[in-house]
Novice: 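This is the structure I have questions about; it appears just below.
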Amino acid sequence: MRYAQEKSGQKLHLVAEPGEEAHGNIIRAGQLSQPLCGRRVGGYRMTANFSLAHACKNYCRVWAARNRGQA
């Protein structure tokens, strides 16, 4: 998992890297998935392997809703 930013000054979104599964598909080499929070983007300005202060909070909400009651 990596964080990716679409445009300067916008939030960072969690994305899947090559070889990982996202939205039911395995990500191919040289590509990144669409953000796991559901937002659609055309491309990324930058990626980082650590969370910065402006990370997307929607991903945490979506993840919690999908995994509620699973332990």
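Everything quoted here is computed from the prediction, not taken from an experiment.
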Novice: What heavy-atom pair brings E21 and G24 nearest, and what distance separates the two atoms?
Specialist: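 Reported closest heavy-atom pair: OE2-CA, 3.6 Å.
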Novice: Sub-3.5 Å donor-acceptor pair from the side chain of Q5 to the main-chain atoms of Q10, do we have one?
Specialist: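 Yes, the answer is positive, given that a donor and an acceptor are paired below the 3.5 Å cut-off.
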Novice: So, do P18 and Q31 sit near enough that their side-chain heavy atoms are less than 4.5 Å apart?
Specialist: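 The answer is no; the side chains never approach within 4.5 Å.
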Novice: How far apart are the closest heavy atoms of I27 and S33, and which atoms are they?
Specialist: CD1-CB, 3.5 Å
Novice: Taking the side chain as everything from C-beta on, heavy atoms only, tell me whether P35 gets closer than 4.5 Å to L14.
Specialist: no
Novice: Can you tell which of H13, K11, R39 makes a side-chain hydrogen bond (donor to acceptor under 3.5 Å, both in side chains) with E6?
Specialist: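 Testing E6 for a side-chain hydrogen bond (donor to acceptor under 3.5 Å, both in side chains) against H13, K11, R39 leaves exactly one candidate, R39.
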Novice: For Q34 and V41, indicate whether the former's side chain and the latter's backbone hold a donor-acceptor pair under 3.5 Å.
Specialist: yes
Novice: Please tell me if the side chains of H23 and L36 come closer than 4.5 Å, counting only heavy atoms from C-beta onward.
Specialist: yes
Novice: Find the distance between CZ (R2) and CG (L32) and round it off to the nearest 0.5 Å.
Specialist: 7.5 Å
